[in-house]
Peer 1: 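The structure follows.
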2 protein chains.
Amino acid sequence: MKYIDKLRNSGLRPTKQRLQICKVLFDTEKTFHFTINELEHKIKEKIDNKISLATVYNTVHAFEKKGYLKQIPINSNQTYFDTNVTDHHHFYDLNDQRLIDLENSDVGPINIKKKINGKRIKSVEVLVKLED
Amino acid sequence: MKYIDKLRNSGLRPTKQRLQICKVLFDTEKTFHFTINELEHKIKEKIDNKISLATVYNTVHAFEKKGYLKQIPINSNQTYFDTNVTDHHHFYDLNDQRLIDLENSDVGPINIKKKINGKRIKSVEVLVKLED
DNA sequence: ATTGTTAGTTATAATTATTATAAACTAATT
DNA sequence: AATTAGTTTATAATAATTATAACTAACAAT
């Protein structure tokens, strides 16, 4: 019942749908990237009942707000999310339209020298575009 | 007639619309960021005749393909472009939804240690998210 | 200059991801 | 058990982008 506690602790009611989506997102060996579309298909494969598309959107956004998911900054017609919420970066293969993780250690420290008054850095993300 | 040559040299016919869009995009002191929407308004202000929205899309994409514009990788409902096509990075102010240039010298060298077989690096872009 | 060909422009329709709405439902609280 | 506040759901609305097809302009060759 780890997801029940996880949700309760962040002020989200542990509904049947959210728990099922948790299983699809977080009961995996490896973290992964997805679009809402892809997640919907994965849910259909793994779950018997139907979950409304609106609920998938709502849940993904709720989880993102709570820090259980991260949006990946990339220009695509669809929004990409990542179940890996640790500080890391991405390759984006322009030919295959595929995202590949880049560990922090694969990039080395990034030192942002410029400061903006009254603002603090929330995240530093590197996108490395690849081509053949 | 610098834009006529520029377009001809890259295999694009120097049409009236493209030349006018060139003026709006490149006849400026500083480089800038824009969405198609914002560009449309800028064109309306500066140009007497009307340019169709489809043409604005077509032209921006043609210029991007030729390397005269760059897409900025960011998650937004609208696609952001940059007239600064040199290698550089961005702050994104989450509160004001504003993009700010980060010169390469403000970030320092980025060393990508991981290699992907058969692929070469086309670009390395850093997005620094800011909040209050 | 005129003509034929190709590329570009245009208005509009189609597409598609995402968000809004409002009713029905469910989990937590009294 | 009744109340409430939060969630889910189907569906409609929105909005950015792309496709279509008719028209027009640029260019090359005569």
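Chain letters run A, B, ... following the sequence lines, proteins first, then strands; residues in each count from 1.
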Peer 1: With distance as the sole test, does B:Asn95 use its side chain to make a donor-acceptor pair with the main-chain N or O of B:Asp132 at under 3.5 Å?
Peer 2: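 Yes; judged by distance alone, with no hydrogens or angles, the pair exists.
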
Peer 1: For DNA chain D, find the residues of residues 38-74 of chain B with a heavy-atom distance under 4.0 Å and give them by number; none if there aren't any.
Peer 2: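 Listed by number, they are B:Tyr57, B:His61.
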
Peer 1: Determine the interplanar angle of the A:Phe26 and A:Phe63 rings, folded into 0 to 90°, and report it as parallel if under 30°, tilted if 30 to 60°, perpendicular if over 60°.
Peer 2: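 If you compare the ring of A:Phe26 with that of A:Phe63, the planes turn out tilted.
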
Peer 1: Looking at B:Asp27 and B:Lys2, is any side-chain nitrogen of the basic one under 4.0 Å from a carboxylate oxygen of the acidic one?
Peer 2: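 Counted as a salt bridge, because a side-chain N and a carboxylate O are separated by less than 4.0 Å.
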
Peer 1: Below the 4.0 Å mark, does D:dT24 have OP1 or OP2 next to a side-chain nitrogen or oxygen of B:Gln17?
Peer 2: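 Result: no.
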
Peer 1: Where each residue is assigned the nucleotide of DNA chain D containing its nearest heavy atom, which of A:Thr15 and B:Thr15 is assigned the position nearer the 5′ end?
Peer 2: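 Nearest nucleotide further toward 5': that of A:Thr15.
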
Peer 1: Which residue lies toward the 5' end of DNA chain D, B:Asn37 or B:Lys16, if each is placed at its nearest nucleotide?
Peer 2: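 Its nearest nucleotide lies further toward 5', so the answer is B:Asn37.
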
Peer 1: Base, sugar-phosphate, or nothing for B:Thr35, non-hydrogen atoms under 4.0 angstrom?
Peer 2: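 The answer is nothing, as B:Thr35 stays clear of every strand by at least 4.0 Å.
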
Peer 1: Quick one: how far along DNA chain C does chain A reach, first to last nucleotide 5' to 3', anything under 4.0 Å to a heavy atom?
Peer 2: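 The protein-touched segment is C:dA17 to C:dA28.
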
Peer 1: Determine whether a donor-acceptor pair (N or O, by modelled atom type, separation under 3.5 Å) exists between the side chain of B:Asn104 and the backbone of B:Asp87.
Peer 2: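 Yes, because the side chain of B:Asn104 sits within donor-acceptor range (under 3.5 Å) of the backbone of B:Asp87.
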
Peer 1: Decide yes or no on salt bridge (charged side-chain N to carboxylate O under 4.0 Å, His left out) for A:Asp96 and B:Lys119, but give the supporting numbers first.
Peer 2: CA-CA 11 Å; A:Asp96 311 353; B:Lys119 304 283 180 183; 3.7 Å; yes

Peer 1: Which of residues 6-13 of chain A have a heavy atom under 4.0 Å from DNA chain D?
Peer 2: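 Within residues 6-13 of chain A, the residues near DNA chain D are A:Leu12, A:Arg13.
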
Peer 1: Hey, what do you get for CD1 (A:Ile112) to NE2 (B:His89), rounding to the nearest 0.5 Å?
Peer 2: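 If I round to the nearest 0.5 Å, the distance is 8.0 Å.
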
Peer 1: Would you say B:Lys23 has more than 12 foreign heavy atoms packed within less than 6.0 Å of its NZ?
Peer 2: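 For B:Lys23, atom NZ is not crowded (no more than 12 foreign heavy atoms under 6.0 Å).
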
Peer 1: Applying the side-chain contact (heavy atoms from CB on, under 4.5 Å) criterion to A:His90, which one of A:Ile72, A:Leu102, A:Ile74 satisfies it?
Peer 2: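 Only match with A:His90 under side-chain contact (heavy atoms from CB on, under 4.5 Å): A:Ile72.
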
Peer 1: For the pair A:Thr83 (side chain) and A:Phe32 (backbone), establish whether a donor and an acceptor sit closer than 3.5 Å, ignoring hydrogens and angles.
Peer 2: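 Yes, A:Thr83 side chain to A:Phe32 backbone: donor-acceptor pair under 3.5 Å.
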
Peer 1: Please check: side-chain N/O of A:Arg8 versus main-chain N/O of A:Pro14, any donor-acceptor pairing under 3.5 Å?
Peer 2: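 Here the side-chain-to-backbone pair does not exist.
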
